[in-house]
Amino acid sequence: MNNSTSTPANSSATATPSNFIQQIIREDLKNQKNDGRIHTRFPPEPNGYLHIGHAKSICINFGTARDFSGLCNLRFDDTNPEKEDMEYVDSIKESIRWLGFDWEDREYYASNYFDQLYDFAVELIKKDKAYVCSLSQEQAREYRGTLTQPGKNSPDRERSVDDNLDLFARMKAGEFDDGAYTLRAKIDMASPNMNMRDPVIYRIRRLHHHQTGDKWCIYPMYDYTHCISDALENITHSLCTLEFEDHRPLYDWVLDHLDGISHPQQIEFARLNINYTVMSKRKLKQLVDEKLVTGWDDPRMPTLDGMRRRGYTPASIRHFCEMVGVTKSNSVVDVGMLEHSLRDDLDKSSPRAMCVLRPLKVVIENLPEGHKEEMTLPRHPKDETMGERKIPFTRTVYIDHADFEEVPPPGFKRLIAGGEVRLRGCYVIKCEEVIKDAAGNIQELRCTYDAATLGAKPEGRKVKGVIHWVPADESIDVEVRLYDRLFSHEAPDSADGDYRDFINPQSLQVLSGCKAEPSLIDAVAEERFQFEREGYFCVDKSDSGPQRPVFNLTVGLRDTWAKQNN
RNA sequence: UGGGGUGUAGCCAAGCGGUAAGGCAACGGACUCUGACUCCGUCAUGCGUAGGUUCGAAUCCUACCACCCCAGCCA
């Protein structure tokens, strides 16, 4: 495994840039708040797969704990069984581990607290801070008022504590139909903050829960559950995204009205947005359901499973999250930044190999039939600890079609008719003849090689170009999948028209019959390489077979030549 | 039109009254057996706008403007 992918993120004490959350924490530490303890949590709802946006949250929560010698819990926010499933809890755990974080034995579920949550609700009722309401969903909406008009009190708002206690117990006991009653916090129907207009804290839903089975028919709501879960776990700083800012008063209200419970501080930061992709769970699911991609782990998806399959390294994602920073301003980060972080890591960690994507046959005429000469190339140009690889040089080899031009554009430094080029790690060859078929398509090249140029500059002339190649008979046939961004519009979400209309038709190009150097026959799932002069590739973990690797383009090499010629 | 937030370069982002960090991108150039990597250089008289306070303002004050979030028995 690559060095970069195995470095545990929990232990790396790299200096991170200062951000407003760290400033708050330093201040808290200085004031001996929470006895100098720092405890965060990452609280996904197990209703889908994690994506790069979650990675930011994971890095912030686990990273903050790590930077201040604290702890970070993994907690599944599983209060709505309707959309949740064990399949998701498993995949979420796997993704977090892959990203390089470790919650040790602190794996919790909001559903672990259902009994306590119920008792706290009883406490609120006894304090006359919660009541059972019989308003239907539609009525509740009417009573809630609007953004500019206050709501009005529920007719059940002044129900007696005893009646509320009785009704709530019967809700739990399953005496009522789904939706017949709710338990509501008694706050203020005229609050300018909609979340404070007597929010529902319990609803009746007869659903099987992946953790608690059929034990419950009433389930607590997020706002009521999250703060209490944080408090029960002794979380000190509850870091979440901006849309919960309006919920903070409710978070605080619940804890303020309960006895003997700690009071974590909720701090909100901006979600991650990246251009040329979509990040909402709904849209991602739609792409999968409508088969616009092959699945949640399609290499074009911004899901962690997709990025993993694409060949992203965990370290590159973590580093990207650090580059992006933590603020409260909504922003859209350029994918270029993600790709930079990726290439930066991959360049250091990937062994080099040669693979000809669009093979063009080249016969070296001044080499005898059956000639075979072992070439030795370093696996990495700057890291000799990676070792070497052998590639046989034979009379017939393949080079890439793109590396030969009959009418070269100015500045072209690859092979041209009558010109010379170096085969990487091998000899300089000269093109003597171009053989075409009846239609004028180039079929093969007849070349000669200069025996004096192995590891040496040619005598009396300059050969600028270096191209990659593989031996014809001893190379292996592989399938290569070239991926590009999923959308051709930088803001598919907010462009005119449906985001699906902007799917990039070229986002996947499958190449078969690519010729790879022989050592690649043993490449194993998820192994990464740099195919020299092409880009970084990894062995697809789902579609490769033993001795039959399928390669995914992770990201291409920077290509100033292509850019110049655009 | 109520409430909560946010505005610093093409994109992220530092800055916390003392004269605009850094990264990405871009553009020059050096190096190169990967048109890669690496290295060097260029890139905000300007901080949403308009006023004000001050010797001094991106930082403080006032007004305005733009954008984001909130009316689930979702999280």
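To find a chain, count down the sequence lines: A is the first, B the second, and so on, and within it residues start at 1.
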**OP:** Establish, with yes or no, whether the OP1 or OP2 oxygen of G72(B) is under 4.0 angstrom from a side-chain nitrogen or oxygen of Thr182(A).
**Re:** no

**OP:** Take the protein atom CE of Met189(A) and the nucleotide atom P of A71(B), then report the distance between them rounded to whole Å.
**Re:** 14 Å

**OP:** Treat a base pair as Watson-Crick or G-U wobble with both distances under 3.5 Å, then lay out RNA chain B in dot-bracket form, 5' to 3', with | for cross-strand pairs.
**Re:** .(((((((.[[[..)..(...]]].(((((.......))))).....[[[[[..)....]]]]])))))).....

Original post:
How far does the C1' atom of C47(B) sit from the matching atom of U59(B), given to the nearest Å?
Top reply: 10 Å

Original post:
Do you know which two heavy atoms are closest between His468(A) and Arg424(A), and how far apart they sit?
Top reply: CA-CB, 4.4 Å

Original post:
Using a cut-off of 4.0 Å on non-hydrogen atoms, how would the nucleic acid contact of Arg558(A) be classed: base, sugar-phosphate, or nothing?
Top reply: sugar-phosphate

**OP:** Please report, rounded to the nearest Å, how far the C1' atom of C73(B) is from the CD atom of Gln139(A).
**Re:** 13 Å

Subject >> Whole angstrom value for the distance that separates P of U34(B) from NZ of Lys464(A) >> reply: 12 Å

Subject >> Minimum-distance pair of heavy atoms, taken over all atoms of Asn61(A) and Leu239(A) >> reply: OD1-CB, 3.5 Å

Original post:
Base, sugar-phosphate, or nothing: which does Pro381(A) touch, judged by heavy atoms less than 4.0 Å apart?
Top reply: base

Original post:
Can you find a side chain N or O atom of Arg144(A) that sits less than 4.0 Å from OP1 or OP2 on G72(B)?
Top reply: yes

Original post:
For A36(B), does either OP1 or OP2 sit under 4.0 Å from a side-chain N or O belonging to Thr560(A)?
Top reply: yes

**OP:** Indicate whether OP1 or OP2 belonging to G35(B) is found under 4.0 Å from a side-chain N or O atom of Arg533(A).
**Re:** yes

Subject >> Phosphate-side-chain proximity, Lys563(A) and A26(B), N/O vs OP1/OP2 below 4.0 Å >> reply: yes

Subject >> Arg485(A) to Tyr276(A), cation-pi by 6.0 Å centre distance and 45° axis angle >> reply: yes

**OP:** State whether Ser329(A) places a side-chain N or O below 4.0 Å from either non-bridging phosphate oxygen (OP1 or OP2) of A13(B).
**Re:** yes

**OP:** May I ask you to check whether Phe114(A) and His209(A) place their ring centres under 6.0 Å from each other?
**Re:** yes

**OP:** Whole angstrom is fine here: how far is it from CH2 in Trp561(A) over to P in U34(B)?
**Re:** 16 Å

Original post:
Using atom C1' of each nucleotide, how far apart are A58(B) and U19(B) to the nearest Å?
Top reply: 11 Å

Subject >> Distance below 4.0 Å between His340(A) side-chain N/O and C24(B) OP1 or OP2 >> reply: yes

**OP:** For Val428(A), answer base if it contacts any base atom (sugar-phosphate contacts may also be present), sugar-phosphate if it contacts only those atoms, and nothing otherwise; contact means non-hydrogen atoms under 4.0 Å.
**Re:** nothing

**OP:** By nearest nucleotide on RNA chain B, pick out whichever of Lys382(A) and Gln530(A) is the more 5' one.
**Re:** Gln530(A)

Original post:
Any side-chain N or O of Lys457(A) under 4.0 Å from OP1/OP2 of C33(B)?
Top reply: yes

Original post:
Counting just side-chain N and O atoms, does Arg197(A) come under 4.0 Å of either OP1 or OP2 of C70(B)?
Top reply: no

Original post:
Of Gln23(A) and Ser134(A), whose nearest nucleotide on RNA chain B comes first from the 5' end?
Top reply: Gln23(A)

**OP:** Search all heavy atoms of Glu374(A) against all heavy atoms of Lys390(A) and return the closest pair with its distance.
**Re:** CG-CD, 3.5 Å

**OP:** Could you tell me whether Lys348(A) contacts a base, only the sugar-phosphate backbone, or nothing, with contacts defined as non-hydrogen atoms closer than 4.0 Å?
**Re:** nothing

Subject >> Phosphate OP1/OP2 of G72(B) contacted by Arg141(A) side-chain N/O (<4.0 Å) >> reply: yes

Original post:
Using the benzene-type ring in the case of Trp, are the ring centres of Tyr449(A) and Tyr427(A) under 6.0 Å apart?
Top reply: yes

Subject >> Rounded distance (Å) that lies between atom P of G35(B) and atom CG of Asn565(A) >> reply: 13 Å

Original post:
According to a strict under-4.0 Å criterion, is Thr79(A) in side-chain N/O contact with OP1 or OP2 of A75(B)?
Top reply: yes

**OP:** Verify the ring-centre separation between Tyr202(A) and Tyr224(A): is it less than 6.0 angstrom?
**Re:** yes

**OP:** Could you tell me which non-hydrogen atom of Arg343(A) sits nearest to which non-hydrogen atom of Tyr536(A), and how far apart they are?
**Re:** O-OH, 4.1 Å

